[in-house]
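Written below as structure tokens is the structure these notes are about.
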Amino acid sequence: SQELEQSPQSLIVQEGKNLTINCTSSKTLYGLYWYKQKYGEGLIFLMMLQKGGEEKSHEKITAKLDEKKQQSSLHITASQPSHAGIYLCGAVNNAGNMLTFGGGTRLMVKP
Amino acid sequence: NAGVMQNPRHLVRRRGQEARLRCSPMKGHSHVYWYRQLPEEGLKFMVYLQKENIIDESGMPKERFSAEFPKEGPSILRIQQVVRGDSAAYFCASSHIPTTGANVLTFGAGSRLTVL
């Protein structure tokens, strides 16, 4: 089965600082999803990457999928308290019928 | 479109009781997924259902847990004889088509089960 490892597991940054979260897969990624979960709430879809080398941005968040399609990174520029939450990467399985998630990265942004 | 609706949002049960969690998918979505999130952990896949069919239940515990998605009405995750270790947030997600790499799962807000 596919396993996703996220690093770091938790992160505290000062407001305005940049940060990067990594997601490494044990197998080739057929589709990589990034979700954000506010504490105590559901998951909000951020971005989806499919092609090796692909990069997408939404506001101050940029996600990349490496050429070998086994690692993705999520980069936040000039972090704000509203960015706080749990960031989860998810990978589509071979059958294409479910997402497997990493353990999550818990981000806190200090004002 | 109200999105994926889960209820109850919070449920408290004593050990040995039954818990029933409901999920109404987004309008037009016929694929439902259940995930469990233990405190301070990530999401673990439990079961994938289409209308009246269980497609993949590889993540479901062998005993006490069952899921259904009837032709009419919401999907239900049922936990019999709950134990303290069942305390978790249970998330439901739905999609229009299977997640083949181009389709996004839409998640509900979750149902938080506390077993006393």
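Below, chains carry the letters A, B, ... as their sequence lines are ordered, and counting in each starts from 1.
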query: If contact means a heavy atom pair closer than 4.5 Å, which residues of residues 107-114 of chain B contact chain A?
result: F107(B), G108(B), A109(B), R112(B)
For [X], I'd like to know if atom [atom1] has over 12 heavy atoms of other residues, nucleotides or ligands within 6.0 Å.
{"X": "E5(A)", "atom1": "CD", "value": "no"}
{"X": "M60(B)", "atom1": "CE", "value": "yes"}
{"X": "E15(A)", "atom1": "CD", "value": "yes"}
{"X": "K36(A)", "atom1": "NZ", "value": "yes"}
{"X": "Q80(A)", "atom1": "CD", "value": "yes"}
{"X": "K56(A)", "atom1": "NZ", "value": "yes"}
{"X": "Q14(A)", "atom1": "CD", "value": "yes"}
{"X": "I54(B)", "atom1": "CD1", "value": "yes"}

message: With rounding to the nearest 0.5 angstrom, report the CG to CG distance, L99(A) to L105(B).
response: 4.5 Å
message: Going by salt bridge (Lys or Arg N to Asp or Glu O under 4.0 Å), name the residues that satisfy it together with K60(A), two or more places apart in sequence or in a different chain.
response: none
field: Within one Ile-Leu-Val-Met-Phe-Trp-Tyr cluster: Y87(A) and L32(A), side-chain cutoff 4.5 Å
entry: yes
message: Starting from L4(A), can I reach W34(A) by hopping between I/L/V/M/F/W/Y residues whose side chains sit under 4.5 Å apart?
response: yes
Atom group of Q6(B) that falls short of 4.5 Å from chain A, counting heavy atoms: neither
message: Minimum heavy-atom separation for Q37(A) and F91(B), please, with both atom names.
response: NE2-CZ, 3.2 Å
message: For residues 12-47 of chain A, which residue pairs pass the disulfide bond (SG atoms under 2.5 Å apart) check, not counting sequence neighbours?
response: C23(A)-C89(A)
message: Heavy-atom cut-off 4.5 Å, strictly under: side chain, backbone, both or neither for L43(A) against chain B?
response: both
statement: Turns out that what part of Q6(A) lies under 4.5 Å from chain B's heavy atoms comes down to neither
query: So which residues of residues 101-111 of chain A are in contact with chain B at a heavy-atom cut-off of under 4.5 Å?
result: F101(A), G102(A), G103(A), R106(A)
